[in-house]
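Below: the structure, in structure tokens.
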Amino acid sequence: MPWPAPVVTAVSGVLGDTDQGLTRTEIGQLLAAVRVPEVEGGNKRERLAGALLAQQARQQASNCVIAFITAAMAPVRYARQPHTFSRRQDDLNEVLVHVGLRVNDEGKLAKGPAAATLSEAARHASSLRAELRRRCTHPEVLRYCTLEILAKNPFHASLEAVKSVADRLRTLTGEGLDGARLVDTVLMPGRGTARVAINANATGPELDEQKGLANLVKGLFSMYRNPAAHEPRLHRTVTDEELLELLTTLSMVHRRLDGAYVTP
């Protein structure tokens with residue numbers, strides 16, 4: 001079944017964006033790879049949309065659009081640009097919510113939250129995502145909670161977003177711990193330098209800064225992970241404003257981890 005023209009056009013807008021999208025050459029190569037004839041005229045977005053809409057009309061199916069997205073989002077293309085993959089994945093998912101699909105971490109289409117073209121949920125997701133982009137939210141945060149944001153579910157978005165820090169600490173160190181035990185083991189300085197150190201851990205102020213980050217992370221776990229895991233959503237409300245503040249704080253944590261020194 002063909003996708004609505006506005007959805008195909010919006011997908012083309014993401015992948016053919018003037019600054020952040022595929023190059024003209026890449027679009028041509030990918031269209032050839034999925035056997036979609038190119039069309040003449042217009043900018044990158046218009047040419048891509050025209051080609052996909054024409055092929056979709058000929059086939060009376062959305063297969064060509066799905067094939068193009070899958071080819072464009074193949075993870076191997078982003079081996080040296082993981083943040084580009086995350087950004088395009090998020091932007092595509094904001095569009096694909098209208099057809100009940102999403103791009104997963106393997107670059108393939110999977111079932112996702114559905115919304116009507118002009119539904120309140122879709123408008124909510126767009127406005128919230130726009131504010132997160134304005135705040136330059138760290139890609140690692142968005143990678144964990146974009147689907148929950150699109151589904152208008154700040155309660156579970158907060159839970160998934162906080163998990164991003166624990167998961168990253170485990171990835172950096174190879175530890176299998178969780179929660180406060182994980183933080184104490186890898187982020188809290190003991191008798192020496194912390195295993196994940198955000199500074200040299202050599203002076204009093206540096207140790208205070210390191211301990212402050214560790215205590216902040218433990219506090220976020222206590223505030224959001226533990227209640228969210230054990231309380232029904234009925235008894236724990238997370239507003240949009242609180243979610244934005246939480247994601248901004250988590251972005252700061254991830255940025256400190258970006259430049260951390262890791263001891264195996």
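Index from 1, following the sequence. Since we're looking at a predicted model, the values are computed, not measured.
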| message | Is it the case that over 12 heavy atoms from other parts of the model lie below 6.0 angstrom from the CD atom of Glu40? | response |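 Incorrect, the count does not exceed 12.
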
| task | Could you tell me whether Arg58 atom CZ has more than 12 heavy atoms of other residues or ligands within 6.0 Å of it? | result |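 Yes - once you tally the heavy atoms of other residues, nucleotides and ligands closer than 6.0 Å, there are more than 12.
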
Can we say [X] and [Y] salt-bridge, meaning some charged N sits less than 4.0 Å from an Asp/Glu carboxylate O?
X      : Y      : value
Asp167 : Arg170 : yes
Arg168 : Asp258 : yes
Arg88  : Asp17  : no

Taking every non-hydrogen atom, the tightest pair across [X] and [Y]:
X      : Y      : answer
Pro154 : Val238 : CG-O, 3.3 Å
Ala194 : Asn201 : N-OD1, 3.0 Å
Ala200 : Thr193 : O-OG1, 4.1 Å
Ala180 : Phe221 : N-CD1, 4.4 Å
Ser158 : Leu243 : N-CD1, 3.8 Å
Pro37  : Ala51  : O-CB, 3.4 Å

| request: Would you sort out whether Phe68 and Val11 count as a side-chain contact (heavy atoms from CB on, under 4.5 Å), showing the intermediate values? | output: CA-CA 10 Å; Phe68 187 88; Val11 166; 5.9 Å; no

Could you tell me the separation between the [atom1] atom of [X] and the [atom2] atom of [Y], rounded to the nearest 0.5 Å?
X      : Y      : atom1 : atom2 : value
Leu247 : Glu242 : CG    : CD    : 10.5 Å
Thr185 : Arg181 : OG1   : CZ    : 6.5 Å
Arg24  : Leu48  : CZ    : CG    : 11.0 Å
Ile198 : Leu213 : CD1   : CG    : 4.5 Å
Arg135 : Ser251 : CZ    : OG    : 9.5 Å
Thr23  : Gln29  : OG1   : CD    : 7.0 Å

Sub-4.5 Å side-chain heavy-atom contact between [X] and [Y]:
X      : Y      : result
Asp91  : Leu15  : no
Glu175 : Leu182 : yes
Thr137 : Leu244 : no
His254 : Val165 : yes
Pro4   : Val99  : yes
Asp184 : Leu177 : no
Tyr144 : Leu250 : no
Arg77  : Phe85  : no

Side-chain ([X]) to main-chain ([Y]) donor-acceptor, under 3.5 angstrom:
X      : Y      : result
Gln210 : Leu187 : yes
Asn199 : Glu206 : yes
Glu46  : Asn43  : yes
Glu160 : Ala157 : no
Arg102 : Lys111 : yes
Ser62  : Met1   : yes
Gln60  : Pro2   : no

| request: Verify side-chain contact (heavy atoms from CB on, under 4.5 Å) between Trp3 and Leu52, making sure each step is shown before the conclusion. | output: CA-CA 10 Å; Trp3 286 359; Leu52 293 175; over 6 Å; no

| task | I would like to know whether Arg225 and Asp178 meet side-chain contact (heavy atoms from CB on, under 4.5 Å); could you show each step before the answer? | result | CA-CA 11 Å; Arg225 282 195 59 185; Asp178 197 14; 2.8 Å; yes

| query | Between Thr18 and Arg45, is any side-chain donor less than 3.5 angstrom from a side-chain acceptor? | reply |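 Yes.
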
| query | Side chains of Asn63 and Gln55: do they bring a donor and an acceptor to under 3.5 Å? | reply |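 The answer is no; no qualifying pair exists.
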
Count I, L, V, M, F, W, Y as connected when their side-chain heavy atoms are under 4.5 Å apart, and connections chain through other members. Are [X] and [Y] then in the same cluster?
X      : Y      : answer
Val8   : Val39  : no
Val196 : Met252 : yes
Leu216 : Val141 : yes
Leu92  : Leu109 : yes
Val14  : Ile27  : yes

| field | Derivation of the side-chain contact (heavy atoms from CB on, under 4.5 Å) call for Val162 and Leu246 | value | CA-CA 9 Å; Val162 172; Leu246 172 63; 4.1 Å; yes

